[in-house]
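The chains referred to below are lettered A, B, ... by the order of the sequence lines, with proteins before strands, and numbering in each begins at 1. Just so you know, these numbers use all the heavy atoms, side chains as well, and skip hydrogens, waters and symmetry mates.
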Amino acid sequence: MSSMNRRDFIQFAGAASALGMMGAPAILHAAPRARVVVVGAGYGGAIAARYLRMADPAIEVTLVEQNPKYVSCPLSNEILGGEGHIEHLTFDYKGLAAIGVKIVIDTATGLDPVRKRLTTKGGRTFDFDRAILSPGIQFNWGAIEGYDEAASQIIPHAYKAGPQTLLLRKQVEAMRDGGTVIITAPEDPFRCPPGPYERAAMIAHYFKKHKPRSKILILDSKDTFSKQALFKQGWERFYPGMISWVSGSDDGDVRRVDVKNRTLHTMLTQHKADVINIIAPHRAGAIAEKAGLAGKNGWCPIEPTTFESTLHKGIHVIGDSTDTPMPKSAYSANSQAKVCVAAILAQLNGEPVGVPAYTNTCYSLITPDWGFSVAHIFRHQDGKMVQVPNSGGVSPLDASVEDRRIEAIHARSWFRNITTEMFG
Amino acid sequence: MKTRLLMGIALAAIMHGGAAAGPTPKMLGDTCAGCHGLKGASAGLSMPTIAGMPADFIVLSMREYREGKRGSTIMGRIAKGYTDEDFEAMARYFSSQPWKSAKQEFSADLAKLGKRVHQRKCEACHRDNGISTEQDMPRMAGQWREYLGLVLDESRKRNFHQSETMKAVMERLSEQEVTALTHFYASQR
Ligand SMILES: Cc1cc2nc3c(=O)[nH]c(=O)nc-3n(C[C@H](O)[C@H](O)[C@H](O)COP(=O)(O)OP(=O)(O)OC[C@H]3O[C@@H](n4cnc5c(N)ncnc54)[C@H](O)[C@@H]3O)c2cc1C
C-alpha cells in the first residue's frame with residue numbers, strides 16, 4: 001500500500017472495477033487492502049468472515065478452523081432426547097469459500113501479537129494486519145478432581161457438539177429403565193446458561209417414552225440458574241418427579257469424580273449413577289490464552305466498541321472467549337462479530353468507530369412443542385456494555401400453550417436463519 | 001488525509017457531547033438478522049422476511065409491539081430495548097433491502113381457493129395479489145406460508161401480530177380460508 005493511502009486506494013480500486021473485468025481482479029491479486037485472519041469457524045468466526053467479505057472484497061480473509069466440519073451446539077440437546085439428527089447440525093465451509101474466504105483446515109497453535117503472525121500445527125504461518133479470534137471454550141480439566149480429557153471419553157461433557165454428543169446419547173440409550181442420569185452444572189459464567197436444564201428436559205422427554213421409571217439428577221455448583229421458574233414449571237408439567245435439582249448451597253457442588261465406579265463426590269455426599277454427564281467449568285479457548293489475551297479470570301477482556309483485546313492491539317476476540325456481561329450464546333457471538341467487523345472496517349478506512357448495538361435471543365425446549373425464550377438488548381454507555389433497562393427478559397410464566405408451541409417452532413426457525421447467515 | 005482525520009475527531013467529539021447519536025441503520029439491522037435472516041431475507045419458516053417492507057409499517061409495528069398493542073411471543077420484549085429513532089433507523093435499513101420471495105411448496109387447489117378469499121377480503125388493501133407495499137402495506141406475496149399461517153390463524157383467535165383493523169377482518173375468516181390464503185400468497189412470487 002506504499003505510496004497510496006488506504007482511502008485513495010479504495011477510490012482507485014472502485015474506479016478500476018468500474019472499468020470492468022480487466023482492472024479489478026488484477027489489483028485485488030496484487031495487493032489486498034488488509035489481511036485479516038479469523039480463528040474458529042463457529043457462531044462468531046463464520047459471521048466475522050462473511051461480513052468482512054460482504055463489506056469489502058478487497059480484504060483478504062483467512063479462516064483457520066481445526067475441524068473439517070462444524071457441528072452446532074444449539075439444538076444438540078435435542079439429539080440427546082432422540083429428536084433430530086446430527087447431520088442437520090453439521091455444516092461445511094463451501095458457502096464461505098464461495099464468497100472468497102480462504103479456508104484453512106488446521107489448528108492455530110501460536111499467535112504472536114507483536115509480529116502479527118499466526119502459526120499452525122500443520123507448520124503454516126500467516127501474517128496479518130488484524131486477527132479475530134472466536135475459538136469458543138476450553139475445559140478446566142482437573143477443576144473437578146479426576147475429570148480430564150481422558151475421563152471425558154468415558155464420562156462425556158457433551159458441551160462441544162459432535163462425537164461427545166453421540167457418546168452421551170449412546171449411554172442414555174443403553175441405560176436400563178429405572179436408572180439414573182446425573183448432569184453436573186458449573187458456576188457462572190459458562191456457555192449457554194440454560195443448556196444443562198434444557199438437556200435434563202430433553203433426556204426426560206426420551207425417558208418418558210422409553211424408560212419411564214428412570215430419573216435425572218442435576219448437581220449444580222450454583223444456587224440459581226437461567227430461566228429457572230420456566231424450567232421448573234416445564235419439568236413439573238411434563239416430567240413430574242423425574243428431574244431433581246440440587247443447588248450449590250444444598251451440597252450440589254461436585255468436587256471429585258471416580259470414573260471407574262461412576263461415582264461423584266460433593267463435599268458431603270457420594271452419588272452413584274448409571275450415566276454421568278459432567279459439564280466441567282471452562283474458560284477462553286486455548287489459542288486465546290496462549291496468545292496472552294486472557295485475563296486472570298480465564299476470559300479475554302475486550303474494548304466493547306471494537307472487541308479489540310485490551311491486552312494486545314490489533315487482535316480482536318469475540319464469542320464465548322470474551323469477558324463481557326452478555327450471556328455466552330451463539331446469538332451473542334453472532335452479534336459481537338458484526339460489531340467487531342464494523343469497527344475494523346471503520347479503522348481501516350480511517351473513520352471513527354461507530355456506536356455499537358448488541359443483541360441476544362435464546363430459545364429453550366422442554367418438549368418438541370413447548371419452548372420459551374430470553375432476550376437481551378445491550379448498549380454501549382460510558383465505555384461499558386449495559387443492558388437497556390426494562391427490556392428483554394424471559395417469556396412470561398403464564399404464557400398460553402399456544403405461545404409455548406409457537407416459541408418451539410421459532411427455535412427451529414432461528415436455527416435455520418442463524419446457520420444460513422453463517423454458512424450460506 | 002490529515003484534515004479528514006481531524007474532521008473525524010471533531011465529528012466524534014460532537015457526537016459524544018451532543019444528544020448521543022445512535023447506531024447506524026445497518027448496525028441496528030444486523031442485530032435482527034440472527035432471527036430474520038441475512039439483510040432481513042428469512043430462511044426460517046416461521047420468521048417473516050422483513051427486507052423490502054415499507055419503512056412506516058416497520059416503525060408502526062415496532063411501536064405497537066413495544067407498547068403491547070400488538071401481541072407477540074418475543075417481539076414485545078425485544079422492542080422495549082429500542083427508541084423511536086432506532087425503529088426509524090432499522091426501518092430505513094430493511095425497507096431499502098431487496099425483497100426475496102421464499103422458495104416453498106404450496107397446493108395449487110388451495111391457492112385457487114385462496115385467491116378468491118384474497119379478492120373478496122384482502123385485495124382492497126393488500127393490492128396486486130399481496131405484492132404491493134403501497135399505503136404502507138406489508139408484502140404478503142412470497143412470504144413464508146408457515147409464518148402467515150401462524151400469525152393469521154392466531155390473529156383470527158386473538159390480537160396476535162396484528163393491528164386492530166386487521167383483527168376485525170380476521171375474526172370473520174374461517175380456519176380453512178386462512179389456510180387457503182397462505183397457499184395463495186406462497187404461490188405468488
Ligand atoms: C448444549 C448446548 C446448547 C446450546 N444452545 C444454544 C442455543 O440454543 N442458542 C444459543 O444462542 N447458544 C447456544 N449454545 C451456545 C453456543 O454454542 C456458543 O455460545 C457458541 O458456539 C459460541 O460461539 P464461538 O464462535 O465463541 O465458539 P464456537 O461456536 O464453539 O466456535 C469455535 C470454533 O473454533 C474452533 N477452534 C478453537 N480453537 C481453534 C484453534 N486453535 N485453531 C483452529 N480452530 C479452533 C473450534 O473447532 C470451533 O469450530 C449452546 C451450547 C451448548 C453446549
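Atom NE2 in A/His410 sits 8.5 Å away from atom OG in B/Ser72 (nearest 0.5 Å). Separation of atoms OG (B/Ser46) and CH2 (A/Trp414) is listed at 13.0 Å; rounding is to 0.5 Å.
Within the 4.5 angstrom heavy-atom criterion, only side-chain atoms of A/Thr361, from C-beta onward, approach chain B. Residue B/Ile78 touches chain A through both its backbone and its side chain, counting heavy-atom pairs closer than 4.5 Å. Residue A/Tyr43 does not touch chain B at all, counting heavy-atom pairs closer than 4.5 Å. At a 4.5 Å heavy-atom cutoff, the contact between A/Met54 and chain B is made by side-chain atoms alone. No part of A/Phe415 comes within reach of chain B, as not one of its non-hydrogen atoms sits under 4.5 angstrom from that chain. Contact of A/Ile377 with chain B is made through the side chain alone, with heavy-atom distances under 4.5 Å. For A/Arg405, the part lying near chain B is the side chain, with the backbone staying farther off; criterion is any non-hydrogen pair under 4.5 Å.
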Legend entry - side-chain contact (heavy atoms from CB on, under 4.5 Å) between A/Arg379 and B/Tyr82, intermediate numbers included: CA-CA 10 Å; A/Arg379 272 295 165 82; B/Tyr82 301 96; 4.0 Å; yes
Legend entry - Residues B/Leu38, A/Tyr51; criterion side-chain contact (heavy atoms from CB on, under 4.5 Å); working and verdict: CA-CA 10 Å; B/Leu38 187 66; A/Tyr51 272 65; 3.4 Å; yes
Inset, instruction - Begin with the C-alpha distance, continue with both residues' side-chain angles, and end with the deciding distance and a verdict on salt bridge (Lys or Arg N to Asp or Glu O under 4.0 Å) for B/Arg77 and A/Glu407. - result: CA-CA 13 Å; B/Arg77 283 176 279 148; A/Glu407 291 221 279; 3.5 Å; yes
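Interface check for chain B: of the options A/Thr420, A/Ile418, A/Asp403, the most heavy-atom pairs under 4.5 Å are formed by A/Asp403. Between chain B and the options A/Ser373, A/Ser400, A/Ser335, the largest number of non-hydrogen pairs under 4.5 Å is found for A/Ser373. Comparing A/Gly392, A/Ala375, A/Pro396, A/Pro389 by how many heavy-atom pairs each has under 4.5 Å with chain B, the most go to A/Gly392. Note on A/Ala330, A/Ser395, A/Gly393, A/Ala342: by heavy-atom pairs under 4.5 Å with chain B, the leading option is A/Ser395. Contact count versus chain B (heavy atoms, under 4.5 Å) is highest, among A/Asn360, A/Val394, A/Asn334, A/Asn390, for A/Val394. For the set A/Thr419, A/Ile47, A/Ile406, A/Val339, the count of heavy-atom pairs under 4.5 angstrom toward chain B peaks at A/Ile406.
Between the A/Tyr331 side chain and the B/Thr31 main chain, a donor and an acceptor come within less than 3.5 Å of each other. Using a distance-only test at 3.5 Å, with no hydrogens or angles considered, no donor-acceptor pair links the side chain of A/Arg412 to the main chain of B/Gly44. Judged by distance alone, with hydrogens and angles left aside, the side-chain atoms of A/Asn417 form no donor-acceptor pair with the main-chain N or O of B/Gly34 at under 3.5 Å. The backbone N or O of B/Leu45 lies less than 3.5 Å from a partner atom in the side chain of A/Ser413, making a donor-acceptor pair.
For B/Glu171, the CD atom counts as densely surrounded, since its 6.0 Å shell holds more than 12 non-hydrogen atoms of other residues, nucleotides or ligands. With a 6.0 Å radius and a threshold of 12 heavy atoms from other residues, nucleotides or ligands, B/Lys69 has its NZ atom at or below the threshold. The environment of B/Glu67 atom CD is dense: over 12 non-hydrogen atoms of other residues, nucleotides or ligands sit within 6.0 angstrom.
Residues B/Thr73 and A/Phe372 form no side-chain contact, since every pair of their non-hydrogen atoms from C-beta on lies 4.5 Å or further apart. Contact of the A/Glu402 side chain with the B/Arg158 side chain is registered, since non-hydrogen atoms from C-beta on lie closer than 4.5 Å.
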